[in-house]
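Note sheet for the following structure.
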Amino acid sequence: MLTIKSEIKRQEQKLDGTYNVKLRFTLDRKVKRLSTSLFVYSKDLTKEFKIKPSSPIKQDVEALIRSYYEKCAKLQIELNHYTLDDIIDYLNGEQEKNQVINFIKFSREWIASTTIKGAPNYTSAINALVRFIGKEELDVNLITKDFLDSFKTFLNKEHETRTKKLIQQGKRVPSNRSLSLYLISIKKLFNEAKKKYNKKDKNLILIPHSPFDDFVMPKQEATRKRAIPADIIKKVWKLPYKDMKKGYKATCRYNLAKDCFILSFCLMGINSADLYNATKMDGNTITYYRTKTKDRRLDNAKMMVEIPHIIQPIINKYRDKTGKRLFNFYQYYCDEKGFNKAINYGLKEIGSILGIDDLEYYAARHSWATIALNKVGIDKYIVHAALNHIDDSMKVTDIYIERDFVNENKANAKVVRYVFGK
């Protein structure tokens, strides 16, 4: 038979002189204790550390015990053969149902614990949400469809205000991709909260609603087309290098940008992060694992690219003599972000010379894909594979196929020959 009694531990006096009232549950000679929100002073206790009948707290403790008996009666303990652990789990769950889940706090803790590459995007989304509500606290149950509609309106107004300022300053106006990206991030975080706090096996559902089911997610604006034609790529290749004073040549951003742009194009649009992190080259083939997606793919986003002979001098120019990595870029830039920033800085100068507005490193990747498909006639699936993307509809099939990258490298040879004639 289950018994519930109050208990005060002599050795657990708080700094303010109080003692926490615990409830001791006993069933089948097993004992469990639960802390309560009730506290007593020494004056409320007898010498045996029992609550005095005259103490005002006595009635509160007895009322609490009665409430627990009533909750346990619903379980029909003996009929269902519940153990004491089952009972305590149930009571803890009942307590959790009354707690307020701070979505902002949960999200920041989840972001801090995750290893996914897009974590900064989630932080930006939460920061935008904090700007919207004006505080660092948000009861997860307040996130409704109406709330999301208001947040979407807020993001649109922020973008409009930012756009006006940029126009006044004569600067380029970016697309409003943050609208969809932020809302997608909030949806992901909301679902992660449901995973943590909803325990269906224990019938404990702390977040019962699904506001995104009826919410119309804004369509993501198409990525700005950054492809440039073959004749411009060839002009980048033929641009003369800058003559730099001894000791500065390796860090000239103009020269770096010219070389890395051509490297990217001739290596099937390899990202700057992968140039920075690459470590393996066997003979004439570079093997790398795409930094952006390797943690999200079973094959670790493996890629094998044969080096076209036209860029062999550039490969040799930046080889890491220590052997730690394939290229020495890490010796001049502390991380891949700084490396990419330096390349794009140099490309602005190159773009200005060639009359290309806002030339960026990623244009090499876009250009390779566009030329491969539209000018060289490479099958779209091969282009897809060469960019090292994953096809969700082919995930099961891909498990059974070991890629040898032959078709991708044949396509690359055709694209390089089309642009450079070599």
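The basis for the numbers below is simple: all heavy atoms, side chains too, and nothing from hydrogens, waters or symmetry mates.
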The test is side-chain hydrogen bond (donor to acceptor under 3.5 Å, both in side chains); show your working for Asp274 and Thr291 and say whether it passes.
CA-CA 6 Å; Asp274 298 316; Thr291 304; 2.8 Å; yes
State, to 0.1 Å, how close Lys194 and Ile207 come at their nearest heavy-atom pair, and which atoms those are.
CE-O, 3.4 Å
Return the minimal non-hydrogen interatomic distance between Ile65 and Leu23, and the atom names on each side.
CG1-CD2, 3.8 Å
What do the steps show when you test Asp85 against Thr83 for side-chain hydrogen bond (donor to acceptor under 3.5 Å, both in side chains), and what is the final call?
CA-CA 5 Å; Asp85 286 336; Thr83 66; 4.9 Å; no
Charged N-O contact under 4.0 Å between [X] and [Y]:
X	Y	answer
Glu192	Lys196	no
Glu7	Arg24	yes
Asp213	Lys145	no
Glu12	Lys22	yes

With side chains defined as the heavy atoms from C-beta onward, is the minimum distance between Asn271 and Tyr276 less than 4.5 Å?
no
Side chain to side chain donor-acceptor pair (under 3.5 Å) test vs Tyr330 passes for just one of Asp320, Asp335, Asn277, namely Asp320
If we ignore angles and hydrogens, is there a donor and acceptor under 3.5 Å between the side chains of Asp282 and Thr285?
no
Test item: side-chain donor near acceptor, Asn102 and Arg108, under 3.5 Å
no
Please check: side-chain N/O of Lys258 versus main-chain N/O of Trp237, any donor-acceptor pairing under 3.5 Å?
yes
